Amino acid sequence: NAGVTQTPKFRVLKTGQSMTLLCAQDMNHEYMYWYRQDPGMGLRLIHYSVGEGTTAKGEVPDGYNVSRLKKQNFLLGLESAAPSQTSVYFCASSYNRGSLAEQYFGPGTRLTVT
Amino acid sequence: SQQGEEDPQALSIQEGENATMNCSYKTSINNLQWYRQNSGRGLVHLILIRSNEREKHSGRLRVTLDTSKKSSSLLITASRAADTASYFCATDNQGGKLIFGQGTELSVKP
């Protein structure tokens, strides 16, 4: 099992450009999450999904959109990138909601917006 | 908003020593989890302790939970250089989502 995978691993964008980060899991988990990690800030939840076809906002959703068309995939989109979105992005999944089950994390995507 | 706060922010010890990290939180919880993050990698789950549990062990890890003080501690015994990593506590909020603290950066010197 590959667990949780993320593509790409690194990306540099110019302000105003768009991109999509892909997260895939092969554990048949219902719940999937997108976090961003900034120095001194810990992890902050951007969006999450409790099942195929559903998405919900987390703590810092502005500037991001997500889609969960297939159970195993969770996409994070930046429509118009801003320097404030420079961060490391982590995807995670779990078989139950966040407080009841451990989350499995991907290796991260390091995004720089210039 | 941050729910859990780790203390200390950084800890440096020698191999073989014990490492203790603390986590304080603000509101009542159902569970508390601890995660480890090696440099440049994703987080790895270490242990989950429920609100009705006071102590839990996993190998060289010992986690305690004091709901009256809204605090938890993670003890790593007989530390190894490979334990060098950042350690995060995570608590659930009312919506059932995890809220992560800022982490403790542990350095174990050989």
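Source: prediction; values computed, not measured. All values below come from the heavy atoms of this structure, side chains included, with hydrogens, waters and symmetry mates left out. Naming convention: chains lettered A, B, ... in sequence-line order (proteins, then strands); numbering from 1 in each chain.
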Test item: B/Gln33 side-chain N/O and A/Ala101 main-chain N/O as donor-acceptor pair under 3.5 Å
yes
For A/Phe105 and B/Leu43 the tightest heavy-atom approach is CB-O, 3.3 Å
Are there more than 12 heavy atoms of other residues, nucleotides or ligands under 6.0 Å from atom CZ of B/Arg60?
yes
Check B/Tyr35 against A/Gln103 and note the closest heavy-atom contact, atom names and distance.
OH-N, 2.9 Å
Turns out that what part of A/Gln6 lies under 4.5 Å from chain B's heavy atoms comes down to neither
A/Glu30 CD: over 12 foreign heavy atoms closer than 6.0 Å
yes
Looking at every heavy atom in both A/Tyr48 and B/Lys97, which two are closest together, and how far apart are they?
CE2-CD, 3.2 Å
With a 4.5 angstrom heavy-atom cut-off, could you sort out which part of B/Gln37 is near chain A: side chain, backbone, both or neither?
side chain
Joint cluster assignment, A/Leu45 & A/Val66, ILVMFWY side-chain distance < 4.5 Å
no
Could you measure the distance from the CD atom of A/Glu102 to the CG atom of B/Leu46? Nearest 0.5 Å is fine.
10.0 Å
Residue part contacting chain B, namely of A/Tyr104, when any heavy atom lies under 4.5 Å:
neither
Sort by residue number and list every member of residues 11-21 of chain A having a non-hydrogen atom under 4.5 Å from chain B.
none
